[in-house]
Amino acid sequence: MPELPEVETVRRGLAQWVVGRTIRTVDVHHQRAVRRHLAGAADFTAGLIGRRVVDTRRRGKYLWLPLDSGDAVLAHLGMSGQLLMLDATAPAGPHLRVSFRFDDDGPQLRFVDQRTFGGLSRSIGGAVLPPEIAHIAPDVLEDACDDDVFHAKLRRRHTGLKRALLDQSLISGVGNIYADEGLWRAKLHYARATETMRRPDTTRLLDGVRSVMASALDQGGTSFDSLYVNVNGESGYFDRSLAVYGRRDEPCPRCGTPIHRESFMNRSSYLCPHCQPRPRNPHW
DNA sequence: CCTGCCGCCTGCGCGC
DNA sequence: TGCGCGCAGGCGGCAG
């Protein structure tokens with residue numbers, strides 16, 4: 001499940017493999033992969049051929065490849081999307097959605113996505129910041145992410161803390177896994193009413209999210225010696241760095257209390273019932 | 001305007 | 001063995 005560290009790992013891989021190369025052909029193998037390109041697959045492709053990739057950028061879980069035309073290839077990996085660099089002779093595989101060939105006949109860029117929640121589009125004039133993601137707030141690792149601004153927005157909300165953390169228009173890059181991990185590090189409960197957050201609470205929360213993401217990034221960013229642009233959440237840090245996510249009944253690394261799994265927002269939330277006590281006035 | 005819920009997808013693992 | 005179901009979950013759209 002790609003969240004910010006995984007997407008950033010992919011972006012770094014792409015920076016090595018595609019910047020400076022010119023697109024020769026683009027094949028859309030599955031229409032759903034370009035559904036966000038409203039003008040259709042043919043239009044998506046037409047504006048890419050002959051264009052040179054000049055950079056790689058990311059905000060939150062979105063990444064984009066600015067082109068020399070001023071447009072950009074905008075990508076979201078969804079639940080299961082991968083951007084892979086593969087030799088032309090590599091087999092297509094059942095989940096191949098879009099493939100890019102370059103005019104140097106070098107490794108191809110392939111968008112592979114089992115569950116098809118992800119997708120690509122061509123963002124018109126989106127090289128600097130695609131207008132399609134104007135509603136996405138700066139992510140937790142950006143300089144543009146102002147902690148005071150986030151705190152003020154949080155206090156104006158009337159909802160639970162985890163819901164707010166997952167709202168990409170408030171702060172971006174955080175998904176279910178890093179939300180749970182960040183809340184655990186900050187010793188905060190997911191149902192804490194956002195309007196009751198004090199500045200030190202917000203500081204702890206942001207510290208928690210940033211630190212867990214930083215260590216994930218450290219451990220995810222080690223495998224660029226092959227053509228494979230790592231997006232697979234199962235590899236590397238996934239098992240080692242997580243304190244609570246997916247660890248029901250295992251001891252809390254801090255206090256030993258068995259981790260709880262609770263259903264919240266129709267998904268799993270993992271927490272330590274001792275370190276993260278339920279607030280007196282929870283906001284579900 | 002704000003909040004919260006639904007639908008979109010596929011593969012895996014479990015219980016009967 | 002096989003079938004059905006729950007689960008994984010990000011996000012756009014929309015209802016209230």
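Throughout, a chain's letter reflects where its sequence line sits, starting with A, and its residues are numbered from 1.
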Any ion pair linking A:R51 and A:D68 (charged N to carboxylate O, less than 4.0 Å)?
yes

To the nearest Å, give me how far apart CD1 (A:I177) and P (C:dA8) are.
11 Å

When rounded to the nearest 0.5 angstrom, what distance separates CG in A:L154 from OG1 in A:T194?
5.5 Å

Strictly below 4.0 Å: does A:R32 bring a side-chain N or O up to OP1 or OP2 of B:dC9?
yes

Take the protein atom CD of A:Q31 and the nucleotide atom P of B:dC9, then report the distance between them rounded to whole Å.
13 Å

Between A:R204 and A:D201, is there a salt bridge with N-O shorter than 4.0 Å?
yes

Verify the contact: side-chain N or O of A:R267 to OP1 or OP2 of C:dG10, cut-off strictly under 4.0 Å; return yes or no.
yes

Pairwise distance CG(A:D27) to NE2(A:H29) - rounded to 0.5 angstrom
5.0 Å

Does C:dG10 have OP1 or OP2 sitting under 4.0 Å from an N or O in the side chain of A:H76?
no

Is the cationic atom of A:R59 (NZ for Lys, CZ for Arg) positioned less than 6.0 Å from the six-membered ring centroid of A:W64 and within 45 degrees of its normal?
no

Using a cut-off of 4.0 Å on non-hydrogen atoms, how would the nucleic acid contact of A:R261 be classed: base, sugar-phosphate, or nothing?
sugar-phosphate

If I take atom CG in residue A:D180 and atom C1' in nucleotide C:dA8, what distance separates them, rounded to the nearest angstrom?
13 Å

Salt-bridge contact A:E8-A:R58 (side-chain N to carboxylate O under 4.0 Å)
yes

Counting only heavy atoms and a strict 4.0 angstrom limit, can you tell me which residues of residues 156-169 of chain A come near DNA chain B?
A:R157, A:H158, A:T159, A:R163

Is any side-chain nitrogen or oxygen of A:H95 closer than 4.0 Å to OP1 or OP2 of B:dC9?
no

Taking the axis from the first five pairs and the axis from the last five, what angle separates them in the helix from B:dC2-C:dG16 to B:dC16-C:dG2, rounded to 10 degrees?
60°

Between A:F264 (CZ) and C:dG10 (P), how many Å, whole number?
13 Å

Closest listed nucleotide, where the reference is the side chain of A:Q114 and the choices are B:dG11, C:dG10, C:dG12:
B:dG11

Would you say that A:L188 contacts A:M197 through its side chain, given a criterion of any heavy-atom pair below 4.5 Å between the two side chains?
yes

Whole angstrom is fine here: how far is it from CG in A:N176 over to P in C:dA8?
8 Å

Go through the side-chain N and O atoms of A:S121 and A:H37 and say whether any donor and acceptor fall under 3.5 Å apart.
no

So ring pair (Phe, Tyr, Trp, His ring centres under 6.0 Å) across residues 71-124 of chain A, not counting sequence neighbours, yields A:Y62-A:H76

Are A:R24 and A:D105 within salt-bridge range, i.e. N to O under 4.0 Å?
yes

Does C:dC7 have its OP1 or OP2 closer than 4.0 Å to a side-chain nitrogen or oxygen of A:S268?
no

Once you round it to whole Å, what is the distance between P of C:dC7 and OH of A:Y270?
11 Å

Pull out every residue in residues 57-66 of chain A that has a heavy atom closer than 4.0 Å to any atom of DNA chain C, ordered by number, or say none.
A:K61, A:Y62

Could you check how far CD of A:E262 sits from P of C:dC7, rounded to whole Å?
15 Å

Nearest heavy-atom neighbours spanning A:D139 and A:G173:
CB-N, 4.5 Å

In whole angstroms, the gap separating P of B:dG4 from NE2 of A:H283 amounts to 5 Å

Between A:R185 and A:E181 (salt bridge meaning N to carboxylate O under 4.0 Å), is one present in this structure?
no

Close approaches to DNA chain B from residues 115-136 of chain A, in residue order (heavy atom, under 4.0 Å):
A:R115, A:T116, A:F117

Summary of ring pair (Phe, Tyr, Trp, His ring centres under 6.0 Å) pairs that have at least one residue in residues 258-279 of chain A, sequence neighbours excluded:
A:Y190-A:F264, A:Y245-A:Y270

NZ/NE/NH1/NH2 to OD/OE distance under 4.0 Å, A:R278 and A:E262
yes

Side-chain donor-acceptor pair present, A:K162, A:S269, cut-off under 3.5 Å:
yes

